[in-house]
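Beneath this line is the structure, given in structure tokens, with notes to follow.
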Number of protein chains: 2
Amino acid sequence: MLDIAILGLLEEGELHGYEIRRRLRAQLGILANVSFGSLYPALNRLKNAGAIEATEVRSSPPRERPPAPLTGSISGERAVFKARRRSLPKERRSRKVYRITDEGRRLFTELMQGGDSEDSRTFGLRLAFARHLTPSARLGLLERRRARLVERLNDARSAARDDSLDTYARSVMEHNADEVEHDISWLDQLIANERLVPATATPTRHDDG
Amino acid sequence: MLDIAILGLLEEGELHGYEIRRRLRAQLGILANVSFGSLYPALNRLKNAGAIEATEVRSSPPRERPPAPLTGSISGERAVFKARRRSLPKERRSRKVYRITDEGRRLFTELMQGGDSEDSRTFGLRLAFARHLTPSARLGLLERRRARLVERLNDARSAARDDSLDTYARSVMEHNADEVEHDISWLDQLIANERLVPATATPTRHDDG
DNA sequence: GTCATCATGTAAGCCGTTACATGATTGC
DNA sequence: GCAATCATGTAACGGCTTACATGATGAC
């Protein structure tokens with residue numbers, strides 16, 4: 001799961017570990033608590049697998065390119081209040097800037113599609129990076145998830161009907177089922193939207209116009 | 001988490017490992033995939049900790065009491081198609097029947113309250129066994145969870161406002177936030193209900209009337 | 001000069017998984 | 001006798017966490 005997140009972030013530009021973690025916390029609430037103890041080993045694993053490359057950037061670097069592209073719009077708001085005290089985010093110390101490789105891109109699309117998204121967190125993560133998939137792969141992701149949820153809805157509903165459950169347990173089961181149902185209709189909307197916009201717009205870029 | 005589930009199930013009667021797993025799958029959709037590889041070690045851990053006691057029951061046992069109460073309704077549907085072929089679940093081979101101890105009950109209430117329920121699965125599990133808590137402990141559980149969710153709602157909402165997100169990522173964030181909101185109003189209902197029924201009814205028993 | 005932040009890592013451990021090993025009983 | 005179900009366990013491993021260790025830089 002971490003691998004998907006890392007590769008997904010690196011698809012959009014090179015980043016160093018600390019920054020990856022910051023984005024994980026800010027952007028994906030899903031992986032809010034990811035720790036360095038799992039992040040750095042994951043980066044090394046991916047590097048050894050040839051999925052990413054690292055460049056050591058020293059304090060006064062050749063400045064080939066800004067290490068963190070920052071996507072133009074820095075999305076003011078929250079980011080600012082943290083960076084307020086120092087006016088410029090100048091380079092602080094040597095860091096390792098990671099860049100995705102072709103192998104990494106291959107691995108990424110493989111991970112994005114492989115093994116039907118078990119839990120909602122994994123699926124949420126995948127969907128969050130779905131712009132990097134082809135339209136058909138994206139549709140497949142959504143439909144596989146939907147099928148999975150329909151199964152789970154049956155289980156949840158019949159579990160909720162169990163007479164032997166007391167108020168509290170039944171409430172949990174019913175709430176569970178409701179949530180799954182809600183998820184399904186959300187997916188239906190997403191799927192409908194996919195079919196409406198077959199290949200017309202590239203809805204992914206926000207700053208290329 | 002497994003420990004809570006085991007102790008919670010044993011609060012209602014003695015069971016053997018295989019049956020515990022069956023119930024985990026059927027009743028709590030939450031722990032549907034728990035495997036023997038984690039269940040049996042967990043049982044031994046709890047036994048060593050003095051939280052549960054084991055009795056070896058042989059094929060033709062003293063029959064002190066039916067080892068698996070089975071709660072009457074087997075919640076038909078899915079369970080049946082598996083158990084169809086043999087008419088009666090008579091004792092098959094020697095099993096270890098586990099019974100909760102006083103220490104186990106103490107541990108159970110401790111686990112039920114300790115560490116504010118991080119994720120929804122842990123909370124769902126706790127709430128499913130909430131009938132074993134005192135009314136005030138139950139209320140505390142609900143209110144701590146609610147407070148936690150309110151925090152998360154703030155994070156989720158501000159994450160969803162992030163301009164730099166594309167359609168898919170934003171959809172995930174918004175859906176996330178909606179779900180948290182839905183959870184909160186569910187909790188509000190549960191809390192209101194707790195306050196309405198201070199100690200009047202014991203809503204827990206289903207088969208004593 | 002001290003604290004907060006930025007930055008990278010290692011070690012130990014928890015909690016769960018899959019795969020493997022064993023064996024009794026029942027139905028066909 | 002063979003397969004399925006019931007029943008209990010061990011071994012190896014995976015992924016993530018916490019705690020620990022290190023060190024540079026900027027703000028006050």
Side-chain angles (χ1 to χ4, degrees), chain A residues 1-6 15-25 30-47 54-61 67-68 81-98 111 115 118-119 121-122 125, chain B residues 1-6 15-22 24-25 30-47 54-61 67-68 79 81-98 111 115 118-119 121-122 125:
Chain A
M1 231 183 65
L2 229 190
D3 292 6
I4 296 183
I6 292 171
L15 296 169
H16 58 277
Y18 197 86
E19 175 69 12
I20 288 176
R21 198 230 187 184
R22 214 185 52 72
R23 301 215 177 183
L24 251 29
R25 297 182 81 85
I30 311 153
L31 284 167
N33 290 324
V34 70
S35 61
F36 294 121
S38 48
L39 178 60
Y40 286 116
L43 286 169
N44 283 327
R45 232 186 304 121
L46 287 170
K47 194 179 70 179
T55 318
E56 191 96 14
V57 176
R58 306 201 58 76
S59 298
S60 301
F81 106 92
K82 282 245 166 186
R84 193 164 18 92
R85 62 189 62 205
R86 46 171 179 53
S87 42
L88 279 179
K90 29 182 105 164
E91 285 100 62
R92 303 183 122 273
R93 58 158 292 189
S94 69
R95 322 172 267 195
K96 275 188 183 173
V97 172
Y98 292 97
L111 289 176
E118 323 80 36
D119 57 290
R121 299 170 77 249
T122 309
L125 188 64
Chain B
M1 231 182 67
L2 230 190
D3 292 6
I4 296 183
I6 292 172
L15 295 169
H16 59 275
Y18 198 86
E19 173 69 12
I20 288 176
R21 197 228 188 184
R22 214 187 52 72
L24 252 30
R25 298 182 81 86
I30 311 154
L31 284 167
N33 290 324
V34 70
S35 61
F36 294 121
S38 47
L39 178 59
Y40 286 116
L43 286 169
N44 283 327
R45 233 186 303 121
L46 288 171
K47 195 180 68 179
T55 317
E56 192 97 13
V57 176
R58 308 199 59 76
S59 298
S60 302
F81 104 93
K82 285 243 168 186
R84 193 162 17 92
R85 61 190 64 205
R86 45 160 185 56
S87 42
L88 278 180
K90 29 183 106 164
E91 284 100 60
R92 301 184 123 273
R93 59 159 289 191
S94 68
R95 323 171 266 193
K96 276 188 181 171
V97 171
Y98 292 96
L111 289 176
E118 324 80 38
D119 57 290
R121 299 170 75 251
T122 309
L125 189 63

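Chain naming here is simple, since letters A, B, ... match the order of the sequence lines and numbering starts at 1 in each. Since we're looking at a predicted model, the values are computed, not measured.
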* To do: Any salt bridge (Lys or Arg N to Asp or Glu O under 4.0 Å) involving residues 30-46 of chain A? Give me the pairs, sequence neighbours left out, ordered by first then second residue.
  =>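 Pairs touching residues 30-46 of chain A that pass the test: Asp3(A)-Arg45(A).
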Taking atom [atom2] of [N] as reference, at what distance in whole Å does atom [atom1] of [X] sit?
| X | N | atom1 | atom2 | result |
| --- | --- | --- | --- | --- |
| Tyr40(B) | dC20(C) | OH | C1' | 15 Å |
| Arg121(B) | dC15(C) | CZ | C1' | 11 Å |
| Tyr18(B) | dT25(C) | OH | P | 16 Å |
| Leu43(B) | dT8(D) | CG | C1' | 10 Å |
| Arg95(B) | dT5(D) | CZ | P | 18 Å |
| Phe36(A) | dG23(D) | CZ | P | 18 Å |
| Arg21(A) | dG9(C) | CZ | C1' | 14 Å |
| Leu111(B) | dC15(C) | CG | P | 10 Å |

* With sequence neighbours excluded, tell me which residues meet ring-ring contact (aromatic ring centres under 6.0 Å, His included) with Phe36(A). => Tyr18(A), Tyr40(A)
* dT10(C), dT10(D), dG9(C): which one has an atom nearest the side-chain heavy atoms of Pro41(A)? ->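 Out of dT10(C), dT10(D), dG9(C), the nucleotide with an atom closest to Pro41(A)'s side chain is dT10(C).
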* If you check every side-chain atom of Asn44(A), which of dT8(C), dT10(C), dT8(D) has the closest atom? -> dT10(C)
* Asked: Hey, what bend do you get for the helix from dG1(C)-dC28(D) to dC28(C)-dG1(D) if you fit axes on five pairs at each end, rounded to 10°?
  -> 10°
How many angstroms lie between [atom1] in [X] and [atom2] in [Y], if you round to the nearest 0.5 Å?
| X | Y | atom1 | atom2 | result |
| --- | --- | --- | --- | --- |
| Arg25(B) | Leu31(B) | CZ | CG | 11.0 Å |
| Lys96(A) | Asn44(A) | NZ | CG | 5.5 Å |
| Leu15(B) | Arg21(B) | CG | CZ | 15.0 Å |
| Asp119(B) | Met1(B) | CG | CE | 6.5 Å |
| Leu24(B) | Leu39(B) | CG | CG | 7.0 Å |
| Leu111(B) | Ile4(B) | CG | CD1 | 5.0 Å |

* To do: Examine dT8(C): is either OP1 or OP2 under 4.0 Å from a nitrogen or oxygen in the side chain of His16(A)? Give yes or no.
  => no
What does the list of N/O pairs under 3.5 Å between the protein and nucleotides 13-16 of chain D look like, with a distance for each?
none

* Asked: Ser35(A): what forms a side chain to side chain contact (heavy atoms under 4.5 Å, CB included) with it, not counting sequence neighbours?
  ->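 Ser35(A) satisfies side chain to side chain contact (heavy atoms under 4.5 Å, CB included) with Ser38(A) once adjacent residues are dropped.
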